Amino acid sequence: MVDPNISRLPKLILKPGREKSLLRRHPWIFSGAVQRVEGDPQPGETVAILAHDDEFLASAAWSPASQIAARVWSFDPAERIDAGFFERRIRAAIKARPATTGAGAMRLINAESDGLPGLVVDRYGRVAVLQATSAGAAVWKRAIADALLAQASVDRIYERSDSDVMELEGLAPSTGWLHGGGATRLQIEECGLRFIVDIARGHKTGFYLDQRENRDFVGRLAAGREVLNCFGYTGGFAVHALAHAAVSVLSIESSAEAIALAAENVALNGFAADKAQWLEADVFRQLRELRDAQRLFDLIVLDPPKFAPTPATAERAARGYKDINLLAFKLLRPGGLLATFSCSGGISRDLFQKIVAGAAVDAGVDAVILRRFEAAADHPVSLHFPEGEYLKGLLCRKGL
Ligand code: SAH
């Protein structure tokens, strides 16, 4: 039964055959799939998505400026999209996560994979940082903030809707306190370690929470090893490595601001400053200099930014990944470990493995995979939305 409120919504009628992805519960409707629009929906407004024969498929948020013309809120014809809908989805997402206490940090809402396209919410202790990057999420921001205050054990909410993708949605950036106020430098805890997170100026919502479990795992391998930490940001992998008795950690990072925070994070955890060195440099260049200086390491971390946001940019990105992985294999001592990551949505897990294999071949070394990495468990991936699986990584040993 189609709810009478849904039959009153503006409508997007799809071209014949273009309902297939929705029938597989994929939440995006591309503009090329739309035959016509009935009514005069405003950006972010809820529309009914109908197949060419008028069959109801989903209710969705209209994004007229984007190639993704609509994003599905619900496939249920009886479900109204109102404040109660956001309360229910947010409650379900929070319930699916382990409870955090004190200064614990975690992702509470992982966008499409939690049934809330375009919405990311990270929790840093009692502060939630919200990122609304789709027209629909932006329109419902207030209701979302109210639901978080009621259910997420937070008392302040900061908005960081300033991602590049917003331009594609025709949205202006929007940042600042949505509820409460105060300091935007927060102290959080991760696996018993302390970090300062700058929610106003840091990348994304301030911290790369998706790498939490991988930092813990890789950190534990660092005992007695000389570590090279590439793309170090605010010292996540460096602090974990020092906590597990690395001999030394040399980090390469291009942002001076991130390095300053990284040095603070090392001190905050009581580690000697002389064990952690920072090079403000370009990783591509610096790895060559280290190679030319014949430096060698026992554990290398490569955690670069997204080289390929989309499949169209994959080829150029693949060359970048191959380059740094090849250099890393050369800079490892025999038996040394490489923890190598890609957070590019445009590079599949298979392709990434092929690139790393090609790098080992060109470096002239044998290598084996000891482990595969993915995003931490508070970053679920919807089975219907494979695009949500962006982070992949390999732990390789140099030599057989
Ligand atoms: N490993 C980090 C996250 C890394 S994010 C953590 O666990 O917290 C990627 C980092 O690479 C960013 O801090 C960015 O400033 C830096 N970066 C991007 N391009 C770079 C380059 N060419 N050389 C050095 N650093 C770079």
Side-chain angles (χ1 to χ4, degrees), residues 105-107 122 124 163-164 186 188-191 193-199 201-222 227-244 246 249-266 268-269 276-290 299-309 313 316-317 319-325 327-328 331 338-345 347 373-376 378-379 390-395:
M106 72 160 63
R107 174 145 302 185
D122 288 337
Y124 297 109
S163 149
D164 311 340
L186 311 172
I188 62 152
E189 225 178 87
E190 172 174 282
C191 310
L193 299 167
R194 288 182 291 170
F195 292 92
I196 293 167
V197 175
D198 187 333
I199 57 169
R201 299 176 59 84
H203 298 173
K204 305 212 283 185
T205 65
F207 207 58
Y208 290 88
L209 293 173
D210 52 359
Q211 286 283 34
R212 178 195 321 108
E213 293 167 4
N214 302 330
R215 284 190 286 262
D216 185 44
F217 189 92
V218 173
R220 288 171 195 280
L221 302 170
V227 179
L228 175 63
N229 175 32
C230 302
F231 309 96
Y233 190 45
T234 56
F237 279 97
V239 167
H240 277 266
L242 292 171
H244 293 284
V249 183
L250 175 62
S251 298
I252 310 172
E253 164 61 50
S254 58
S255 153
E257 202 176 346
I259 290 177
L261 208 49
E264 274 190 71
N265 284 330
V266 168
L268 185 64
N269 288 280
Q277 275 193 307
W278 313 95
L279 291 173
E280 184 188 334
D282 170 47
V283 167
F284 291 84
R285 276 230 294 277
Q286 192 62 46
L287 290 180
R288 289 181 163 76
E289 283 185 26
L290 292 170
L299 169 62
I300 299 181
V301 179
L302 293 177
D303 186 21
K306 205 165 25 192
F307 291 160
T313 46
R316 188 162 170 269
R319 284 198 291 276
Y321 287 116
K322 173 133 178 223
D323 189 39
I324 54 177
N325 280 279
L327 288 160
L331 287 164
L338 170 64
T340 180
F341 298 93
S342 160
C343 59
S344 292
I347 303 271
F373 297 114
E374 60 192 355
D378 48 343
H379 295 61
Y390 60 95
L391 181 65
K392 66 280 303 177
L394 296 170
L395 177 68

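In listed order, ligands and their atoms are each counted from 1. Just so you know, these numbers use all the heavy atoms, side chains as well, and skip hydrogens, waters and symmetry mates. Only a predicted model underlies this, so the values are computations on that prediction, with no experimental measurement involved.
No salt bridge links D282 with R288; every basic N to acidic carboxylate O contact stays at or beyond 4.0 Å. Using a 4.0 Å cut-off between charged nitrogen and carboxylate oxygen, R212 and D216 do not count as a salt-bridge pair. A salt bridge does not link D122 with K204: none of the charged nitrogens is closer than 4.0 Å to a carboxylate oxygen.
Residue contacts with ligand 1, taken as heavy atom pairs separated by less than 4.0 Å, involve A281 solely via the backbone atoms N, CA, C and O. Of all the heavy atoms of Q286, none lies under 4.0 Å from any atom of ligand 1, so neither backbone nor side chain is involved. When non-hydrogen atoms are compared, ligand 1 lies under 4.0 Å from the backbone of Y233 as well as from its side chain. Here S254 has heavy atoms under 4.0 Å from ligand 1 in both its backbone and its side chain.
Listed by chain and number, the residues in a side chain to side chain donor-acceptor pair (under 3.5 Å) with S251 are N229 (sequence neighbours excluded). With sequence neighbours left out, Y233 forms a ring pair (Phe, Tyr, Trp, His ring centres under 6.0 Å) with H203, Y208.
Close to ligand 1: D282, with a non-hydrogen atom less than 4.0 angstrom away. No heavy atom of A258 sits closer than 4.0 Å to any atom of ligand 1.
With respect to atom 23 (N) of ligand 1, the closest heavy atom belonging to the protein is V283 N, 2.9 Å. In terms of protein heavy-atom proximity, atom 4 (C) of ligand 1 is closest to F231 O, 3.2 Å. Atom 1 (N) of ligand 1 has as its closest protein heavy atom D303 OD2, 2.6 Å. Closest to atom 19 (N) of ligand 1, if we only count protein heavy atoms, is P305 CG, 3.8 Å. Summary of contacts: the protein heavy atom closest to atom 14 (C) of ligand 1 is E253 OE2, 3.4 Å.
Counting non-hydrogen atoms of neighbouring residues, nucleotides and ligands closer than 6.0 angstrom, the CD atom of E213 exceeds 12 such neighbours.
Taking every heavy atom of F237 and a limit of under 4.0 angstrom, the matching atoms of ligand 1 come to 1 (N), 7 (O). Within ligand 1, counting atoms from 1 as listed, the ones closer than 4.0 Å to a heavy atom of R215 are 6 (C), 7 (O), 8 (O). Of all atoms in ligand 1, listed by their number and element, those nearer than 4.0 Å to a heavy atom of H203 are 12 (C), 13 (O), 14 (C), 15 (O).
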Evaluation steps, side-chain contact (heavy atoms from CB on, under 4.5 Å), between F217 and F373 = CA-CA 10 Å; F217 189 92; F373 297 114; 3.8 Å; yes
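Side-chain contact annotation: T340 with Y321, donor-acceptor N/O pair under 3.5 Å absent.
In terms of heavy-atom proximity, C343 sits nearest to P304 at SG-O, 3.7 Å.
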